[in-house]
Amino acid sequence: MNITFRQLQIFEAVARYLSYTRASEALHLTQPAVSMQIKQLEQSVGLPLFEQLGKKVFLTDAGQEFSRYAKAITAQLEELEQVVNEMKGLQRGRLTIAVASTANYFAPRLLAMFCQQHGEVTVSLDVTNREQLLKGLVENRTDLVIMGQPPEEMDLVAERFMENPLVVIAPPDHPLVTASKIPLERLHEETFLVREQGSGTRSAVERFFAANQLALSTAMEMSSNEAIKQGVAAGLGLGIVSLHTLGMELALKHLVILDVVNFPIMRYWYIVYRSGKRLSLVAQAFQNFVKEESARILEAAAV
Ligand code: PGA
């Protein structure tokens, strides 16, 4: 197979946008130039990579396979570029990090402090749930991830750096607000707003209820901590969220933490990367920074 990196790049753009027009705009090429390169690529491969049905472009089965390898090759090339830059002493690297939706309540603060110390760093931050974070690690899309405990069966390096207590929240006029040492069984009478499938908070809550042989009665499923807090404040049900997501709401008394026996559920934050991944100098510096400084910085900011 005789293919060029340029063809791979063009293929990736068309596969990403599923549009020749958008790919040509992104690459600053004309559309005929893009079509021509894809045609030549398909000739070298000996199979069609795209099919056009009406106005829509789709990847063929061969195209999907090709896409998987093209991504891996591009990631390796980017890594090579980074290594070469470091060898040139530029060290002005790029840091690609992804954090759990819940960690986004403190991660930007850490990044801000880190960037103050390393002026030349460009950061790309992706905020998503646990399931997507794990997928990103498998696909080698990110340098470092901040998340709850990763699954043991995955080949990852994970270092624990901070506690993540999950607490029960209620609106200020809820009858349990004044109660102390609320027995766990009492929660059985309440309905809960829970995070979406794939959320680490959600699975920790489900595991906790199952371990205590209690059924979790779900009023609604919501895809962000913000939606849960708003829903609880509006009286739609109780919620279980990370203490890190609550700042203003407690201060302004829009929400109250209930004193339930066996709470908080104690989770921990981990900084994670794929074992075998060659971390850039910047990524190594950020990993050390998180391990050594985060607790102090976040305590000072009362997160
Ligand atoms: P989540 O992750 O934002 O996906 O709930 C947090 C965690 O893993 O505890």
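When a ligand or atom number is given, it counts from 1 through the structure's own listing order. Just so you know, these numbers come straight off a predicted model, no measurement behind them.
- Nearest protein neighbour of atom 5 (O) of ligand 1, counting heavy atoms only, is T201 OG1, 2.6 Å.
- The contact set between ligand 1 and A100, taken as ligand atoms under 4.0 Å from a residue heavy atom, comprises 2 (O), 3 (O), 6 (C).
- Residue N129 approaches ligand 1 through these ligand atoms, each under 4.0 Å from one of its heavy atoms: 4 (O).
- Side-chain contact between L184 and F208: present, with at least one pair of heavy atoms (C-beta onward) separated by less than 4.5 Å.
- A salt bridge links E293 to R296: one of the charged nitrogens lies within less than 4.0 Å of a carboxylate oxygen.
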For a salt bridge (charged side-chain N to carboxylate O under 4.0 Å, His left out) check, start with the C-alpha distance between R202 and E206, then their side-chain angles and the critical distance, and finish with the verdict. CA-CA 6 Å; R202 160 88 175 250; E206 285 178 346; 2.6 Å; yes
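- Nearest protein neighbour of atom 3 (O) of ligand 1, counting heavy atoms only, is T102 OG1, 2.7 Å.
- Counting atoms of ligand 1 from 1 in the listed order, those under 4.0 Å from a heavy atom of R130 are 4 (O).
- Panel note: side chain D143, backbone I97; no donor-acceptor pair is recorded below 3.5 Å.
- Heavy-atom minimum distance, P172 versus K253: CG-O, 3.3 Å.
- With a 4.0 Å cut-off on non-hydrogen atoms, Y105 does not touch ligand 1 at all.
- Contact check on K229 versus E226 returns a salt bridge, with a Lys/Arg side-chain nitrogen under 4.0 Å from an Asp/Glu carboxylate oxygen.
- Of all the atoms in ligand 1, the ones that sit under 4.0 Å from a non-hydrogen atom of R195 are 1 (P), 3 (O), 4 (O), 5 (O).
- Using bins of under 30°, 30° to 60° and over 60° for the plane-to-plane angle, the ring pair F209/F192 lands in the perpendicular bin.
- Near S199, meaning under 4.0 Å from any of its heavy atoms, are these atoms of ligand 1: 1 (P), 4 (O), 5 (O).
- Close approach to S101 involves these atoms of ligand 1, each under 4.0 Å from a residue heavy atom: 3 (O).
- Side-chain atoms of Q37 and L41, non-hydrogen and from C-beta on, never get closer than 4.5 Å to each other.
- Every atom of ligand 1 is numbered from 1 in the order shown, and the set under 4.0 Å from a heavy atom of N164 is 9 (O).
- Among all non-hydrogen protein atoms, the one lying nearest atom 1 (P) of ligand 1 is G200 N, 3.4 Å.
- Taking atom 9 (O) of ligand 1 as the reference point, the nearest protein heavy-atom neighbour is R267 NE, 2.7 Å.
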